[in-house]
**Q** 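Handing you this structure, nothing more for now.
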Amino acid sequence: MGSFKKIIQALNQPIGGSKGNGKASKAKREKNLKLKVMELTPQDAIKNTKNIRYRYKVRDKQGNISDGKLDALSKLDVHSFLMNQGYDVLTIEEDELFNKLGLVQLTTRQMKDKDLNFFLTQLSTYIKAGIPLIDSINILSKQARNKKTRNLYNRLVFELTTGETFSEALNKQGAVFPKLLINMIKTSELTGNLTGVLDDMADYYKTIDENRKQIISAMTYPTVIFIIAIVVLVYIVLFVVPEFTDMYAQIGSKLPPITTMIVSLSDFLAANLLYVILVIIAIFTILMILYKNVTTFRYWTQWTLMHIPVVKNIVIYKEVIMFTKTFASLINYDVFITDSMEILGKVTSNEIYKNLIKDAVINLSNGNGVSPAFKDNWAFPPIAYEMLLTGERTGRLGAMMAKVAEYYNAEQKNLITQLKSLIEPVMIIFLAVIVGIVLLAVVVPMFSMYEQIV
């Protein structure tokens with residue numbers, strides 16, 4: 001236990017605190033210690049109606065200067081918090097431009113799954129060791145190398161010190177933390193099983209991150225090969241084909257249709273390459289905007305992907321894993337089934353599954369179970385439906401959904417492994433076809449010239 005306390009004490013030391021043996025570092029610290037501490041005025045205690053962004057500069061006990069950002073109702077709140085953290089407060093200034101533009105919530109982005117896994121795992125470890133929640137997050141803040149992450153943890157500590165619950169502190173960070181995690185933390189506050197929820201959610205986000213990496217890994221190879229093939233093709237069409245075209249023109253040889261087509265493509269790209277690139281970028285941008293903002297477009301895009309051979313199974317398995325694993329976590333922590341369905345509807349980004357969940361909510365409101373909404377639906381595999389039905393009938397819905405998630409997680413891994421094996425020969429054939437077409441366009445006129453000479 002004594003060695004663990006030493007580790008915690010070491011973690012609480014400022015990063016770079018050991019670098020002070022040189023004369024330059026010592027002089028810098030002495031200069032920092034001479035800086036005047038901020039003096040509060042009565043106006044600093046006036047509270048705003050909503051949180052605004054403040055920038056602050058503080059000095060720690062070793063004389064090191066650091067700065068950061070905090071969202072609060074007044075300067076006094078920020079000052080009190082920083083003083084309680086053991087800092088000498090040098091300045092606190094309102095970020096006027098930031099606040100006028102109303103960017104407090106707009107600048108927050110959801111934390112990545114791997115970062116959520118690390119955050120939850122570390123937090124659970126510290127709490128299990130007997131360290132209070134606020135102190136645990138303080139340790140994470142001092143460990144964080146990224147300034148934005150450090151500011152995030154400081155904002156959490158600030159909210160907790162003002163009396164907010166952990167779930168409410170997470171919720172006040174905008175879109176940083178997923179709604180599922182916030183709801184699960186809220187449940188743990190009622191049951192008193194915070195570490196259990198933290199461990200389960202850490203495992204949940206670890207699984208989601210691994211599945212995402214598997215899909216990216218499967219798609220990286222064909223994407224790279226496709227891009228290389230396009231670049232090589234464009235290079236040949238723009239710079240190689242014209243050389244042969246000039247040669248054939250001097251000889252007066254009649255060009256076959258395939259060569260004429262390639263030559264026409266070469267002339268078009270040479271004259272309009274910049275416009276072609278801009279049009280492609282514009283199309284992709286428009287499609288992305290439509291996908292994010294237009295529900296109907298997103299629905300039909302997802303519907304199309306879920307009907308393409310091979311690809312459809314990857315997408316469906318991914319959605320089934322997300323749905324069943326999340327459902328299992330909610331049910332196992334005694335979240336009401338109606339509330340679980342509402343949370344699931346917010347968690348998924350797949351419009352087909354959103355509609356399925358809406359049907360399930362309607363069934364529940366009519367006194368029926370969840371399973372009828374998924375019966376004979378092409379987007380929900382029969383095995384998953386049978387397990388869902390069995391779980392409803394036996395009262396072991398959470399356990400059954402966890403089994404379904406495990407099963408389809410293994411199925412997805414096998415599918416991706418098979419896909420990787422299949423992609424290589426397919427891409428070789430794809431490249432061979434492209435190269436073959438270009439070679440035919442160049443070589444066929446040579447045979448015609450040879451026949452004329454003979």
Side-chain angles (χ1 to χ4, degrees), residues 8 11-12 50-51 53 68-73 77-78 80-82 84-86 104-105 107-144 146 148-206 208-209 325-326 328-336 339-340 342-344 346-347:
I8 298 303
L11 289 173
N12 281 317
K50 60 180 181 179
N51 280 349
R53 176 65 53 88
K69 302 172 185 176
L70 202 62
D71 301 333
L73 295 175
D77 291 341
V78 178
S80 301
F81 168 70
L82 295 172
N84 289 332
Q85 293 294 104
V104 174
Q105 297 299 328
T107 55
T108 56
R109 293 183 180 179
Q110 185 167 314
M111 189 180 285
K112 295 180 180 178
D113 292 329
K114 64 175 182 179
D115 295 330
L116 281 169
N117 173 45
F118 175 80
F119 167 67
L120 297 171
T121 302
Q122 292 294 99
L123 192 58
S124 175
T125 302
Y126 293 143
I127 293 173
K128 286 176 182 176
I131 303 172
L133 176 61
I134 294 178
D135 294 339
S136 298
I137 298 177
N138 262 325
I139 293 171
L140 288 171
S141 175
K142 289 179 170 63
Q143 285 179 319
N146 185 286
K148 289 184 178 179
T149 304
R150 195 181 310 123
N151 286 333
L152 171 63
Y153 292 152
N154 285 337
R155 292 199 298 272
L156 285 176
V157 173
F158 173 75
E159 295 295 344
L160 291 169
T161 54
T162 58
E164 296 289 359
T165 61
F166 188 31
S167 59
E168 189 59 32
L170 295 175
N171 191 43
K172 283 192 172 183
Q173 306 313 310
V176 175
F177 296 99
K179 294 297 181 184
L180 172 64
L181 175 61
I182 294 170
N183 280 283
M184 294 300 290
I185 295 295
K186 190 179 293 184
T187 302
S188 74
E189 290 167 351
L190 298 174
T191 61
N193 186 23
L194 179 58
T195 53
V197 170
L198 291 175
D199 289 336
D200 287 347
M201 294 310 296
D203 180 64
Y204 172 83
Y205 288 113
K206 181 181 178 182
I208 298 301
D209 185 51
K325 191 168 183 64
T326 308
S329 297
L330 292 166
I331 294 298
N332 289 337
Y333 281 97
D334 298 324
V335 179
F336 290 119
D339 295 335
S340 297
E342 289 180 6
I343 294 170
L344 285 165
K346 295 175 182 178
V347 169

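Hydrogens, waters and symmetry mates are skipped; everything else that's a heavy atom, side chains included, is used.
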**Q** Could you measure the distance from the OG1 atom of Thr121 to the NZ atom of Lys206? Nearest 0.5 Å is fine.
**A**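 Rounded to the nearest 0.5 Å, the OG1-NZ separation comes to 8.0 Å.
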**Q** Could you pull out the closest heavy-atom pair between Ile131 and Ser136, with the gap in Å?
**A**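 Distance-wise, the nearest heavy atoms are O-OG, 3.4 Å.
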**Q** Using salt bridge (charged side-chain N to carboxylate O under 4.0 Å, His left out) as the criterion, list what pairs up with Glu164, not counting sequence neighbours.
**A**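 Per chain and number, Glu164 pairs via salt bridge (charged side-chain N to carboxylate O under 4.0 Å, His left out) with Lys172.
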**Q** If the condition is side-chain contact (heavy atoms from CB on, under 4.5 Å), which residues does Asn332 pass it with, not counting sequence neighbours?
**A**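 If we apply the side-chain contact (heavy atoms from CB on, under 4.5 Å) test to Asn332, skipping adjacent residues, the hits are Ala328.
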**Q** Under the side-chain hydrogen bond (donor to acceptor under 3.5 Å, both in side chains) rule, collect the residues that match up with Glu189, sequence neighbours excluded.
**A**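 If we apply the side-chain hydrogen bond (donor to acceptor under 3.5 Å, both in side chains) test to Glu189, skipping adjacent residues, the hits are Ser167.
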**Q** What pairs with Lys325 under salt bridge (charged side-chain N to carboxylate O under 4.0 Å, His left out), at least two apart in sequence or on another chain?
**A**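 Salt bridge (charged side-chain N to carboxylate O under 4.0 Å, His left out) check on Lys325 returns Asp203.
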**Q** Check Ser188 against Ile185 and note the closest heavy-atom contact, atom names and distance.
**A**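 The pair with the smallest heavy-atom distance is OG-O, 2.6 Å.
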**Q** Mind checking ring-ring contact (aromatic ring centres under 6.0 Å, His included) for Phe166 and listing every partner two or more places apart, or none if nothing turns up?
**A**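 Checked Phe166 against ring-ring contact (aromatic ring centres under 6.0 Å, His included); zero matches.
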**Q** Look up atom CG in Leu156 and atom CG in Leu160, then write down how far apart they are to the nearest 0.5 Å.
**A**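 The CG atom of Leu156 sits 6.5 Å away from the CG atom of Leu160.
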**Q** Taking only residues at least two apart or on different chains, which pairs with a member in residues 174-187 satisfy side-chain hydrogen bond (donor to acceptor under 3.5 Å, both in side chains)?
**A**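 Qualifying pairs, neighbours excluded: Asn171-Lys179.
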**Q** What residues, two or more places apart in sequence or in another chain, satisfy salt bridge (charged side-chain N to carboxylate O under 4.0 Å, His left out) together with Lys128?
**A**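 Salt bridge (charged side-chain N to carboxylate O under 4.0 Å, His left out) list for Lys128, sorted by chain: Asp199.
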**Q** Among residues at least two apart in sequence or on other chains, which ones pass side-chain contact (heavy atoms from CB on, under 4.5 Å) with Ala72?
**A**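 For Ala72, the residues satisfying side-chain contact (heavy atoms from CB on, under 4.5 Å) (neighbours in sequence not counted) are Tyr54, Asp77, Val78, Phe158.
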**Q** Sequence neighbours left out, what passes side-chain contact (heavy atoms from CB on, under 4.5 Å) with Asn151? Give chain and number order.
**A**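 So Asn151 forms a side-chain contact (heavy atoms from CB on, under 4.5 Å) with Tyr56, Lys69, Lys147, Asn154, Arg155.
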**Q** Please identify each residue that fulfils side-chain contact (heavy atoms from CB on, under 4.5 Å) with Asn146, with sequence neighbours left out.
**A**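 Applying side-chain contact (heavy atoms from CB on, under 4.5 Å) to Asn146 gives Lys148, Thr149.
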**Q** Check side-chain hydrogen bond (donor to acceptor under 3.5 Å, both in side chains) between Ser80 and all other residues, then give those that pass, not counting sequence neighbours.
**A**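 With neighbours one apart ignored, the set is empty.
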**Q** Restricting to side-chain hydrogen bond (donor to acceptor under 3.5 Å, both in side chains), what partner residues turn up for Tyr153, sequence neighbours left out?
**A**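 Here no residue qualifies.
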**Q** Any luck finding a side-chain donor-acceptor pair between Tyr204 and Thr326 under 3.5 Å?
**A**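 Indeed, the side chains of Tyr204 and Thr326 share at least one donor-acceptor pair under 3.5 Å.
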**Q** Using 4.0 Å as the upper bound for N to carboxylate O, is an ion pair formed by Asp71 and Arg53?
**A**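 Yes, charged N to carboxylate O under 4.0 Å.
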**Q** Does the side-chain contact (heavy atoms from CB on, under 4.5 Å) test come out yes or no for Ser141 and Val157, once each step is laid out?
**A** CA-CA 9 Å; Ser141 175; Val157 173; 5.8 Å; no
**Q** Test side-chain contact (heavy atoms from CB on, under 4.5 Å) on Lys112 and Asn117 and set out the steps.
**A** CA-CA 9 Å; Lys112 295 180 180 178; Asn117 173 45; over 6 Å; no
**Q** Classify the side-chain pair Asp135/Tyr126 by whether it contains a donor and acceptor separated by less than 3.5 Å.
**A**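 Side-chain D/A pair, Asp135 to Tyr126: absent.
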**Q** How long is the span from the CD atom in Gln110 to the CG atom in Asp115, to the nearest 0.5 Å?
**A**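 These two atoms lie 11.0 Å from each other.
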**Q** So do the side chains of Phe118 and Leu123 get within less than 4.5 Å of each other, counting heavy atoms only?
**A**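 Phe118 does not reach Leu123 side chain to side chain.
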**Q** For the residue pair Ala169 and Glu159, what are the closest heavy atoms and their distance?
**A**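 The answer is CB-CB, 3.7 Å.
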